[in-house]
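See below for the structure under consideration.
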Protein chains: 2
Amino acid sequence: MKYHLQPIGTKMSEAKKKRSRGRPRSLDRTRILEDAMRLYWHEGPLRLSLNEVCRRLEIAKPGLYREFGGEDGLLAACLDLYWDLYMKRLHDFLSTTDQPFLKQIESVIDAIAGEVSGMATDAGCLSVKMRSERNRLGPIARARVEQLERDNLTSYESWIRRAQSEGTLRVDLDPSTLASYVDAQVFSAFHQKGQGVDGDIIRSNAKLAFSILLLPETGKD
Amino acid sequence: MKYHLQPIGTKMSEAKKKRSRGRPRSLDRTRILEDAMRLYWHEGPLRLSLNEVCRRLEIAKPGLYREFGGEDGLLAACLDLYWDLYMKRLHDFLSTTDQPFLKQIESVIDAIAGEVSGMATDAGCLSVKMRSERNRLGPIARARVEQLERDNLTSYESWIRRAQSEGTLRVDLDPSTLASYVDAQVFSAFHQKGQGVDGDIIRSNAKLAFSILLLPETGKD
DNA sequence: CCCATTAAATACTAATCGGTACAAAATAGA
DNA sequence: TCTATTTTGTACCGATTAGTATTTAATGGG
């Protein structure tokens, strides 16, 4: 395994402004990246050889190396795209005040356990799969994963803080601790989804797990 | 990948009774199996090539094939050994009535999150790692994993039933549903352990997760 | 029209993979 | 000692891997 510690695709992008002579680009970076993201999402990162990835993406290997610097850079770019397309939505949703806390929890559970074709298809969640492989990722993708985990926790924590200040969440628990807990539960649900666990089981597990967030007197269901 | 659908190592074992002429066995099956179990435990199943496994176990490749039939059989045998050495203990412990329900929960949490060198070392838990790779296992190992999951759930369910009949666990929740929940939480904790998550975080997550099992009026701590 | 320049893909490398033929080693009986 | 038998390990197979050198294609400028 060889790693490029300096960005590669980006350097090309910033030089894209000027296009003098030379063979014009035919490689569609956007298409490749979207296909790669879906591919890793369904098959799992590091589950396919780079040869096989190139075969499925219908791109020559040197093209992939030139454009992404290798597997590490490609995985990092895929995770970025996944974040932009799916995870940002989730965290944006949690930061809105349109719905009450309880409804938000239900929505999240539905989004994971249901058959909605959002960030959680039958394939599970790409970010969860990336996190599961964190120790085998290259330095670039691993750094992205770690940043994503920090962003996750930050989002959950502010979500919890807001609910506590609104009085819709018990205040006898530390927000940071709860954020870790929520992250672990969301991770677990997505992980089960990716393993093919039945949606009803995932839902009942998640409902139980999130029930600790409810106010003691709201212990109904 | 080639799979042997009929037991191989066992057939040899039963024929062991008679030893007429021929080169005497020098291969130490027990040693190989124990080393392989620890190896897969720490490195993860399917994470090493069979060549590398043979290298580390200091066994020639044909010997491994002859003795275990290949990777699939070896993994299955390792999982069996892990069950016998570690997981049986856990489930035996849950089925005893020496300690009250609450204490048992605490013990389980300690066993996972602590530094105890039981079934959960820093490497995590072999059965959890096997379950995580279930879809990539061969038919023999996968069948073992599925049997193990059934045994897990059965054990948790009877544990829960007993606690409910003793009045130490709220009875407004279905034992089967709770068993799934407990399994998911134990799985999650072990998974985090294997990922290198800090023990204190694992412990606080687990404490929160198991707090739903407590009686409503026991909501202290 | 030719050349410099840029991008693309072919074709190659050494290494490793899963799996196995086959030969070497080590015994018991003849 | 010789042979049949069983185990072990070497040495090989074709396929695949990560990564790259090299060639080919396609353009704009001179």
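Chain A is the first sequence line, chain B the second, and so forth, proteins listed ahead of strands; every chain is numbered from 1.
Evaluation of the salt bridge (Lys or Arg N to Asp or Glu O under 4.0 Å) rule for E133(B) yields R47(A), R47(B), R136(B) as partners, not counting sequence neighbours. Partners of E34(B) by side-chain hydrogen bond (donor to acceptor under 3.5 Å, both in side chains), not counting sequence neighbours: none found. Legend: residues meeting ring pair (Phe, Tyr, Trp, His ring centres under 6.0 Å) with F187(A), ordered by chain and number and at least two apart, are H191(B). Partners of E52(A) according to the side-chain hydrogen bond (donor to acceptor under 3.5 Å, both in side chains) rule, which considers only residues two or more places apart in sequence or in another chain, are R55(A), R56(A). Scanning for ring pair (Phe, Tyr, Trp, His ring centres under 6.0 Å) contacts around F101(B) gives W159(B), with sequence neighbours left out. In terms of the side-chain hydrogen bond (donor to acceptor under 3.5 Å, both in side chains) criterion, residue partners of N51(B) (sequence neighbours excluded) are, by chain and number, K61(B). Residues passing the side-chain hydrogen bond (donor to acceptor under 3.5 Å, both in side chains) test with S155(A) are H91(A), sequence neighbours excluded. In this structure S204(B) satisfies the side-chain contact (heavy atoms from CB on, under 4.5 Å) test together with T177(A), sequence neighbours excluded.
Taking a 4.0 Å limit (strictly below) on heavy-atom distances, residues 42-51 of chain A reaches DNA chain D at S49(A), L50(A), N51(A).
Using a 4.0 Å cut-off between charged nitrogen and carboxylate oxygen, K2(B) and D72(B) do not count as a salt-bridge pair. The pair D92(A)-R89(A) fails the salt-bridge criterion, with no side-chain N (NZ, NE, NH1 or NH2) lying under 4.0 Å from an Asp/Glu carboxylate O. In this structure, R131(B) does not pair ionically with E146(B), as no charged nitrogen and carboxylate oxygen lie closer than 4.0 Å. Electrostatic pairing of K207(B) and E106(B) does not count as a salt bridge here, judged by no charged N lying under 4.0 Å from a carboxylate O.
The distance between atom OH of Y65(A) and atom C1' of dA7(C), rounded to the nearest whole Å, is 18 Å. Taking atom CG of L64(A) as the reference point, atom C1' of dG19(D) lies 12 Å away to the nearest angstrom. Spacing between atom CD of E58(B) and atom P of dG9(D) amounts to 11 Å, rounded to whole angstrom units. Atoms CD (E71(B)) and C1' (dG18(C)) sit 9 Å apart, rounded to a whole Å. Distance, R55(A) CZ to dT16(D) C1': 8 Å, rounded to whole Å. The CZ atom of R29(B) sits 15 Å away from the C1' atom of dT7(D) (whole-angstrom rounding). Between I32(B) atom CD1 and dT7(D) atom P the separation is 16 Å, expressed in whole Å. Taking atom CD of residue E52(A) and atom P of nucleotide dA18(D), one finds them 10 Å apart after rounding to whole Å.
When distances are taken from the side chain of K2(B) to each of dT20(C), dA28(C), dT17(D), the shortest belongs to dT20(C). Closest to the side chain of R21(A), out of dA18(D), dA28(C), dT5(C), is dT5(C).
Although no hydrogens or angles enter the test, the distance criterion places no donor-acceptor pair under 3.5 Å between the side chain of S188(B) and the main chain of A184(B). Between the R203(B) side chain and the D198(B) main chain, no donor and acceptor come within less than 3.5 Å of each other.
Remark on DNA chain D: of its neighbouring residues D28(B) and Y3(A), the 5'-side contact belongs to D28(B), judged by nearest-heavy-atom nucleotide.
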Which atoms of nucleotides 9-13 of chain C (N or O only) lie under 3.5 Å from a protein N or O atom, and what are those distances?
none

Atom pairs under 3.5 Å: protein N/O with N/O of nucleotides 13-15 of chain D:
none

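Rotation axes derived from the C1' atoms of the five outermost pairs at either end of the helix from dC1(C)-dG30(D) to dA30(C)-dT1(D) lie 30° apart, to the nearest 10°.
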